[in-house]
Amino acid sequence: MPEHRYDPHEIESRWQDVWATEHTWEATNEHDAGGRSSNSYVLEMLPYPSGEPHIGHLKCYAVGDAIAHFHRRLGRRVLHPMGYDAFGLPAENHAIRTGEHPRVSTAESIASFQRQFRSWGISIDWSRELATHEPSYYRWTQWIFLELFGSGLAYRKEAAVKWCPHDQTVLANEQVDAEGRCERCGTLVEVRQLEQWFLRITDYAERLLNDLQEIDWPQNVKTMQRNWVGRSEGAEVTFRCEELGIDYPVFTTRPDTLFGATFFVMAPEHPDVSRLAQGTEHEHSVREYVNVSLNETNEQRGNADKPKTGVALGRTVTNPVNGEQIPMYVADYVLMEYGTGAIMAVPAHDERDHAFARAFDLPIRRVIEPAGGSDAADADVLPYTGDGVLVNSRADFDGLPSREAVSEIVRWLDVEGKGHASINYKLRDWLVSRQRYWGTPIPILYCDSCGVVPVPYDQLPVQLPDVEDYTPKGRSPLAAAEDWVNTTCPSCGASARRETDTMDTFVDSSWYFLRYCDPFNDLAAWSPEALREWMPVDQYIGGVEHAILHLMYARFFCKALADLGHLDFQEPFNALFTQGMVTKDGAKMSKSRGNVVSPASIVERVGADTARCYILFVGPPDQDADWSDAGVEGVHRFLSRLWRLAAETAERAGGPSGPVESPIGAEGDDLVLVRKAHWAIEKVSGDLRRFAFNTAIAAVMELLNDCSRLRDSADVETQRFALTTAASLLFPFAPHVCADIYDRLTGERVWEADWPNADEELLERDEYELVCQVNGKLRDRVRAASNASADELKQLCMAAPNVRAHLDGKQVVKEIVVPGKLVNLVVR
RNA sequence: GCACCAGUACCUUAAUCGGUGAAAGGGCCGGUCUUAAACACCGGUAAUCCGGGUUCGAGCCCCGGCUGGUGCACCA
């Protein structure tokens, strides 16, 4: 028998060539062919091309490719495209260091990503490839911006915004982490008052929240989005400062506690603070306090355990429900960015207000009592933040449960013109302008006479000009491109200046999945027919780190574009799968730790099939997985054994011998093997549907174990069937080696074969081992027919020798019969 | 502090409706093959975090605790 050696490199390049020359994975737009339900759009989040792909990319695309292959084999037309999120800071920072144009380094990175994706054998439709930095793409990003501008969804305003001193640009709220650090570089951000471009995502808060119900996404991602939108119901209530004649609205979720408001607090950033303190004895201390707080980081200020600080403003406001004059304070526990930047303080029923009142010796008045009497020992302890019954309020409100009191009081305030029901959101509008070079230019002009002027559609794209110096200086490097900046106003012909800020790169990636449907269209961003054919995405795959950023922005874009009549769906991604991280020695891979495993070196050593199978076999793909070289070896051995046994079997069968059918009338070891193959079909099909790739691969391992074990006792044709089935089932995970095995055994192409069907009859056994228990303990086992009745099973069990020994002299008081499994006799 | 998820052999995972004496791969040990080793093949090894409860029966359900992870957190 000749030597059979598994040579992954030879096999992988051979099949990759076939797929490339035959354009196997390309999907054409056929409009009415088959209808949307027979199509499938499988998409992984587009990569940011920087250097080389890392192991996380391998995992993401291994998952996506398995799904894409599975859908194709189920008979669907699959769209599985690839592109690059090519604008962004790393390329620009590289340019600052080296002077090399970002276009050049970006092109190099893209080439390297392409090369590796091809070497992994991912079934990508390369004909639709795009990159967001190409004018043919960002022309339409600009078009969308203008559409949003035209409808008022893109606007300029001056606001307190987050500024990253390291990257020298403003950031969106979402791009600052909980500690107040820049999402990209980790620098503490500062707050600056600047005029910037915003997108009105807050208009969509309610829909972004409600429509989460419509989509099949992981619970934790939905929860994060809900938290980020941060909806709370309550009321806006006006407190009037009589001395200065100014009304201050506050937002509260507890209007039922209004009678317990004993003071009033403003955020240090509140624009009226200095004016209020002016001329009072507190003027100086207020100014000092405000200065100190403004210089504190979010990290310092945001700590709830920190003792409460603040100073009196020396003014009072009127509590609208009882006319009381209550003192005003400025304190840093009140945030300018939430609500109105001022609060009513109810120390008896709010932990923070309580802490402040204790520190400043302010009155604490209980207005809510826990319902159902105070039998609980801690019912009298303040602050009490739960619901209850009103006390110490107004005669007609006292005794009302909190919930009812909320609506009663709000109704009364409304009538009096002192307040109204209100819903508040944590979500802020999306700040999209950036003072950086390598991004999509914002297509806007400033004309002295016409003001803010959108660039006419027929002048798109506004091309990104070349510049000499990429260094950010607090304004975009584009400002230095005088020839480009100075232009003429399209409406009046006078001289005008271009907007020099570029767009947040998250704008680019908020619509790329639409462009894939119609990538060559140069008359429009897409045609409605193309979208009808593919959108929404059936299965989206990516890292959970985009739970809020990209995934929220993309949802917002679709809703806004749908409102503008450009889309006829509301949600871009019907189903989402978030893959877990790949760690090494329990820690995140990073250059500084020196624990980076490069996909290229793994592919070089053991081949792409092993790399892909390993990353999917190592554990459930939604969980983190620790990289282990020994585990890689194990999977490599498995593929070697599979290939060798298949090659040897093909030879014994006399070469490729055509399509293979499940053998009929098999007996003995042949039947065992045929059954195992059908069991594997059932198992892998189910596992693929629920993303349990690890167990799917384990099932094929089991099938291979039986093939090896029964190599000499089962018929060659049975072997051929079992191994063909193994290759067919493993193909979504290890496409090259499975294509090769399938070809050797049958002469056919596995990717053109239908997904196999399990024969129900072969899955059922006509006999099984019945477990016989006495008092829940296993005492014996007997063979039982599958169709035996409960009574027969009981008799069988009672007759079992070891059971009889345990029944001796005892009385059976209960019998539990589980057909197909066991009989349990309870005796006394 | 609150919420969610997870704790199974040395490691990583599996166990569908609560139903056998808990399965797979890797590791390790031994054997066959080899001059020797690698590969391959055969065999062996070892576990339900702790404490209660429900049940004829619990890895699985309920309560409490411990450990780890993730998210939220001065959001009025």
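The sequence lines fix the lettering, A, B, ..., with proteins before strands; numbering per chain opens at 1. If you're wondering where the values come from, they're calculated on a predicted model, not measured in any experiment.
Judged as a salt bridge (Lys or Arg N to Asp or Glu O under 4.0 Å), the pairs with a partner in residues 217-238 of chain A (not counting sequence neighbours) are, in order, A/E206-A/R231, A/R231-A/E233. Within the structure, side-chain hydrogen bond (donor to acceptor under 3.5 Å, both in side chains) contacts touching residues 249-267 of chain A (residues at least two apart or in different chains) are A/R254-A/D256. Legend: side-chain hydrogen bond (donor to acceptor under 3.5 Å, both in side chains) pairs involving residues 609-622 of chain A, not counting sequence neighbours, sorted by first then second residue: A/D65-A/R612, A/D609-A/H736, A/T610-A/H636.
When Watson-Crick and G-U wobble pairs are counted only if both distances are under 3.5 Å, B/C2 pairs with B/G71.
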Distances for protein N/O vs nucleotides 40-48 of chain B N/O pairs under 3.5 angstrom?
unit_1, atom_1, unit_2, atom_2, d
B/C41, OP1, A/R641, NE, 2.7

Taking only N/O atoms, report every protein-nucleotides 68-73 of chain B pair under 3.5 Å with atom names and distance.
unit_1, atom_1, unit_2, atom_2, d
B/A73, OP1, A/K426, NZ, 2.9

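Listed by chain and residue number, nothing satisfies the salt bridge (Lys or Arg N to Asp or Glu O under 4.0 Å) test with A/D808 (two or more places apart in sequence, or in another chain). Residues passing the ring pair (Phe, Tyr, Trp, His ring centres under 6.0 Å) test with A/H678, sequence neighbours excluded: A/F721. Residues passing the salt bridge (Lys or Arg N to Asp or Glu O under 4.0 Å) test with A/D687, sequence neighbours excluded: A/K683, A/R690. With sequence neighbours excluded, no residue forms a salt bridge (Lys or Arg N to Asp or Glu O under 4.0 Å) with A/D780.
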With a cut-off of 3.5 Å and sequence neighbours excluded, list every side-chain donor-acceptor pair involving residues 768-776 of chain A.
unit_1, atom_1, unit_2, atom_2, d
A/Y768, OH, A/G820, N, 2.9
A/N775, OD1, A/V827, N, 2.9

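Annotation: proximity of residues 232-241 of chain A to RNA chain B (heavy atom, distance under 4.0 Å) is found for A/S232, numbered in ascending order. Contacts between residues 810-826 of chain A and RNA chain B, defined by a heavy-atom separation under 4.0 Å, are made by A/K814, A/I816, A/V818, A/K821, A/L822, A/N824, A/V826.
Atom CZ of A/R781 is separated from atom C1' of B/G19 by 13 Å (rounded to the nearest Å).
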